[in-house]
Amino acid sequence: QVQLVESGGGLVQAGGSLRLSCAASGRIFSSYAMGWFRQAPGREREFVAKINKSGDRTYYADSVKGRFTISRDNAKNTVYLQMNSLKPEDTAVYYCAAGFTVDTERSSYRYWGQGTQVTVSS
């Protein structure tokens, strides 16, 4: 079992930055690949970024490529999402998730956090 707790969300103006954190507890964090998803009101939860177990491979949705950076610190059991050049369309609840072998599909992730709200004003 893995428990995930996101933090770092908030209200920011367009063009600003936020860094989300996801702290994991439970079983060995480095055993899991990690991902970030987001869900805007009235929309499906969508993939944002993922990172492999060791942190040396990442993958991003086209909508955030070049603006967002996913990283992890296995010593701190934490995964991060640095979000720069934020746009109003980035407004959503952001979720971190963990799985053994993951892709961009929600079903490949076994554990989920409760989410943190990010609101970008224009």
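For reference, positions follow the sequence shown, starting with 1. Below, all heavy atoms of this structure are taken into account, side chains as well, without hydrogens, waters or symmetry copies.
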[X]: partners by side-chain contact (heavy atoms from CB on, under 4.5 Å), with sequence neighbours left out:
X	answer
Ser25	Gln3
Ala23	Thr78
Ser71	Tyr80

[atom1]-[atom2] distance between [X] and [Y], expressed to the nearest 0.5 angstrom:
X	Y	atom1	atom2	value
Thr91	Leu86	OG1	CG	8.5 Å
Cys96	Met34	SG	CE	4.5 Å
Thr116	Leu81	OG1	CG	11.0 Å
Arg72	Ile51	CZ	CD1	6.0 Å
Asn77	Cys22	CG	SG	10.0 Å

*Got a sec, which pairs hit salt bridge (charged side-chain N to carboxylate O under 4.0 Å, His left out) with one end in residues 77-96, sequence neighbours left out?*
Arg38-Asp90, Arg67-Asp90
*Can you list every salt bridge (charged side-chain N to carboxylate O under 4.0 Å, His left out) pair that touches residues 47-62, not counting sequence neighbours?*
Asp62-Lys65
Answer yes if [X] and [Y] sit in the same cluster of Ile, Leu, Val, Met, Phe, Trp and Tyr residues linked by side chain heavy atoms under 4.5 Å apart, and no otherwise.
X	Y	answer
Val79	Val102	no
Val93	Leu4	no
Val5	Tyr32	no

*Tyr60, OH: over 12 other non-hydrogen atoms inside 6.0 angstrom*: yes
*Should we count CG of Leu11 as having more than 12 external heavy atoms under 6.0 Å?*
yes
*Hey, are the side chains of Trp36 and Glu6 touching, using non-hydrogen atoms and a 4.5 Å cut-off?*
yes
*Can you check whether Gln82 reaches Leu18 side chain to side chain, under 4.5 Å on heavy atoms?*
no
*Would you name the heavy atoms of Ala14 and Pro88 that are closest together and state the gap between them?*
CB-CD, 4.1 Å
_Restricting to non-hydrogen atoms, name the atom on Ser85 and the atom on Ser17 that form the minimum distance, rounded to 0.1 Å._
N-OG, 4.4 Å
*Pairs satisfying side chain to side chain donor-acceptor pair (under 3.5 Å), at least one member in residues 104-115, at least two apart*: Asp103-Ser108
*Check whether any side-chain N or O of Gln39 sits under 3.5 Å from a backbone N or O of Tyr94 as a donor-acceptor pair, and report yes or no.*
no
_Please report whether the ring centroid of Phe47 lies less than 6.0 Å from that of Phe37._
yes
